[in-house]
Protein chains: 2
Amino acid sequence: MDEYMEQIRSSGRRLTRQRKLVLEILNDSQEHLDADMIYDRAKSVDPNIGLATVYRSLALLKEIGLVQEHRLGENHGHFEKTQPTPHHHFTCLKCGRVIEFEAPQVIEAAYKLCENEGLQVTEMHLHLSGYCSQCHEGKLNCE
Amino acid sequence: MDEYMEQIRSSGRRLTRQRKLVLEILNDSQEHLDADMIYDRAKSVDPNIGLATVYRSLALLKEIGLVQEHRLGENHGHFEKTQPTPHHHFTCLKCGRVIEFEAPQVIEAAYKLCENEGLQVTEMHLHLSGYCSQCHEGKLNCE
DNA sequence: TTTACTGCAAAACATTTGCAATGAG
DNA sequence: CTCATTGCAAATGTTTTGCAGTAAA
């Protein structure tokens, strides 16, 4: 955690109470929080924090690479602390559950493909949707 | 094209002038249009069409599966007619160009992985960003 | 004729920005 | 001290909704 704080400082930006708090909230949560959820949790610690500050902190943390933003089917962003191993997301269209999965082969294949075309890849998002095992039980398997 | 119109009808919805127009616009364009671009083009044919109708038509066409929505890094949707072969998108962070690419191995691998976990996949979005060949020329290759 | 669909204007969200006050370095 | 950062409120941009009128079936 402390090394993350240091990363903020060494990016030339100031390590403020608010930025620390946003990062801590993401660090403590294994879910994919949206800006409003982060704002709510932040307010319970620091009631004076503003939503704009949450957005600005998230933008900074993304810029530094400590945080990633994902679009999980809804039209607002979800945020999570950057994980050591890249992973991807599956959203159940019925229950809304988000399942994470690793897919090294997929990542590998996509990178190679792009590099062959002269593209320099800096970010990759794989998002699937459908029905999780609980939700598609009892449904026909056709389609 | 006519069979698409039929698909709207057979979904139990009405085949209106406006829905036809939105579908035609997407059919005629190889780009990834956003709602506003579609609205502009639609107005040039039918000046009375409303933006809300464009959104409602897009939602219907998505529901039927004739149209797909993608998030290409910006915070609004881009739409394209569903293609026969699934494909994916790369956005250049510098020039904004969107490059499409096919990746059967990637799709295959991701599907298999999910099915092994009991997930029924209905949709898949792979989005990469980085720098296209024109834009990363002259830059250092180290990250 | 019926009622799903449209256009409009207003509402609902999501996110960003201007600015005076504040606090990190 | 200094100026990057904050909180607030207002602006922006995207998408949705309520409703009376219109048109597809």
Side-chain angles (χ1 to χ4, degrees), chain A residues 2 4-25 32-64 66-79, chain B residues 2 4-25 32-64 67-79 96:
Chain A
D2 286 343
Y4 298 138
M5 306 296 182
E6 191 42 48
Q7 252 180 280
I8 295 179
R9 260 208 205 85
S10 62
S11 77
R13 323 306 271 295
R14 292 183 180 171
L15 180 51
T16 63
R17 188 167 28 90
Q18 294 88 337
R19 289 173 179 174
K20 237 191 293 198
L21 179 54
V22 168
L23 185 53
E24 266 160 14
I25 287 168
H32 301 84
L33 305 176
D34 60 37
D36 236 47
M37 292 162 122
I38 296 168
Y39 178 48
D40 281 344
R41 296 190 187 198
K43 268 191 305 190
S44 75
V45 175
D46 174 356
N48 285 322
I49 198 170
L51 179 56
T53 299
V54 170
Y55 274 105
R56 284 187 279 227
S57 299
L58 288 169
L60 169 65
L61 294 169
K62 260 170 60 184
E63 201 184 306
I64 298 179
L66 287 176
V67 161
Q68 284 186 296
E69 178 173 4
H70 302 283
R71 293 273 158 174
L72 302 173
E74 305 181 86
N75 64 352
H76 59 260
H78 287 250
F79 301 83
Chain B
D2 286 343
Y4 298 138
M5 306 296 183
E6 191 41 49
Q7 253 180 278
I8 296 178
R9 260 210 205 82
S10 61
S11 78
R13 325 304 272 292
R14 291 181 182 174
L15 181 50
T16 64
R17 188 165 31 89
Q18 294 88 338
R19 289 172 179 176
K20 237 191 292 198
L21 179 53
V22 169
L23 185 53
E24 267 160 14
I25 287 168
H32 299 85
L33 305 176
D34 60 37
D36 235 45
M37 292 163 122
I38 296 169
Y39 178 48
D40 282 344
R41 296 189 187 198
K43 268 191 303 190
S44 75
V45 175
D46 174 356
N48 285 323
I49 198 170
L51 179 57
T53 300
V54 170
Y55 274 105
R56 284 187 279 227
S57 299
L58 288 169
L60 170 65
L61 294 169
K62 261 171 59 183
E63 199 185 306
I64 297 179
V67 162
Q68 283 186 294
E69 179 174 4
H70 302 284
R71 293 273 158 174
L72 302 174
E74 304 179 87
N75 63 354
H76 59 259
H78 286 250
F79 301 84

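So that the names make sense, note that chain A is the first sequence line, chain B the second, and so on, each numbered from 1. Keep in mind that the numbers below use all heavy atoms, side chains included, and drop hydrogens, waters and symmetry copies.
As a whole-Å value, the separation of Glu6(B) CD from dA25(D) P is 10 Å. Atoms CD1 (Ile8(A)) and C1' (dG25(C)) sit 15 Å apart, rounded to a whole Å. In this structure, Lys20(B) places its NZ atom 15 Å from P of dC5(C), rounding to the nearest Å. Taking atom NZ of residue Lys62(A) and atom C1' of nucleotide dT15(C), one finds them 11 Å apart after rounding to whole Å. To the nearest angstrom, C1' of dT22(C) lies 16 Å from CG of Leu15(A). The nearest whole Å value for the distance from the CD1 atom in Ile49(B) to the C1' atom in dT22(D) is 15 Å. At whole-Å resolution of the value, CZ in Arg56(A) and C1' in dC19(C) are 10 Å apart. Distance Lys43(B) NZ to dG7(C) P: 12 Å, rounded to the nearest Å.
Distances from the side chain of Thr16(B) to the nucleotides dT15(D), dA24(D), dT6(D) place dA24(D) closest. Residue Glu69(A) places its side chain closer to dT15(C) than to any other of dT6(D), dT15(C), dA25(D). Taking every side-chain heavy atom of Asn75(A) into account, dT15(D) is the closest of dT15(D), dT6(C), dT6(D). Comparing dG7(D), dT15(D), dT15(C) by their nearest atom to the side chain of Tyr55(B) picks out dT15(D). Of the candidate nucleotides dT6(D), dT6(C), dC8(D), dT6(D) has the atom lying nearest to any side-chain atom of Arg19(A). Here the side chain of Gln18(B) is nearest to one of dT14(D), dG7(C), dC8(D), namely dG7(C). In this structure, the nucleotide among dC8(C), dA4(C), dT17(C) sitting nearest to the side chain of Arg14(B) is dA4(C).
Residue Arg71(B) places at least one side-chain N or O under 4.0 Å from the OP1 or OP2 atom of dT15(D).
Arg19(B) places a side-chain N or O within 3.5 Å of a backbone atom of Arg14(B) that can act as its donor or acceptor partner. A distance-only check finds no donor-acceptor pair linking the side chain of Thr53(B) to the backbone of Ile49(B) [under 3.5 Å]. With His78(A) contributing its side chain and His70(A) its backbone, the two residues share no donor-acceptor pair below 3.5 Å.
Nucleic acid contact class of Asn48(B) (heavy atoms, under 4.0 Å, all strands): sugar-phosphate only. If you check every strand for non-hydrogen atoms under 4.0 Å, Leu51(A) touches a base.
Within 3.5 Å, no donor on the side chain of Arg13(A) pairs with an acceptor on the base of dG25(C), nor the reverse.
Residues Leu15(B) and Ile8(B) approach most closely at CD1-CD1, 4.0 Å, considering heavy atoms.
The structure places OG of Ser57(A) at 12.5 Å from NZ of Lys20(A), a figure rounded to the nearest 0.5 Å.
For Arg9(B) and Ala59(B), each mapped to the nucleotide of DNA chain D holding its nearest heavy atom, the one lying further toward the 5' end belongs to Ala59(B). Along DNA chain D, the nucleotide closest to Val54(A) and the one closest to Arg17(B) are compared, and the more 5′ of them pairs with Val54(A).
Of the charged side-chain nitrogens involved, at least one lies within less than 4.0 Å of a carboxylate oxygen, so that Arg13(A) and Glu63(A) count as a salt-bridged pair.
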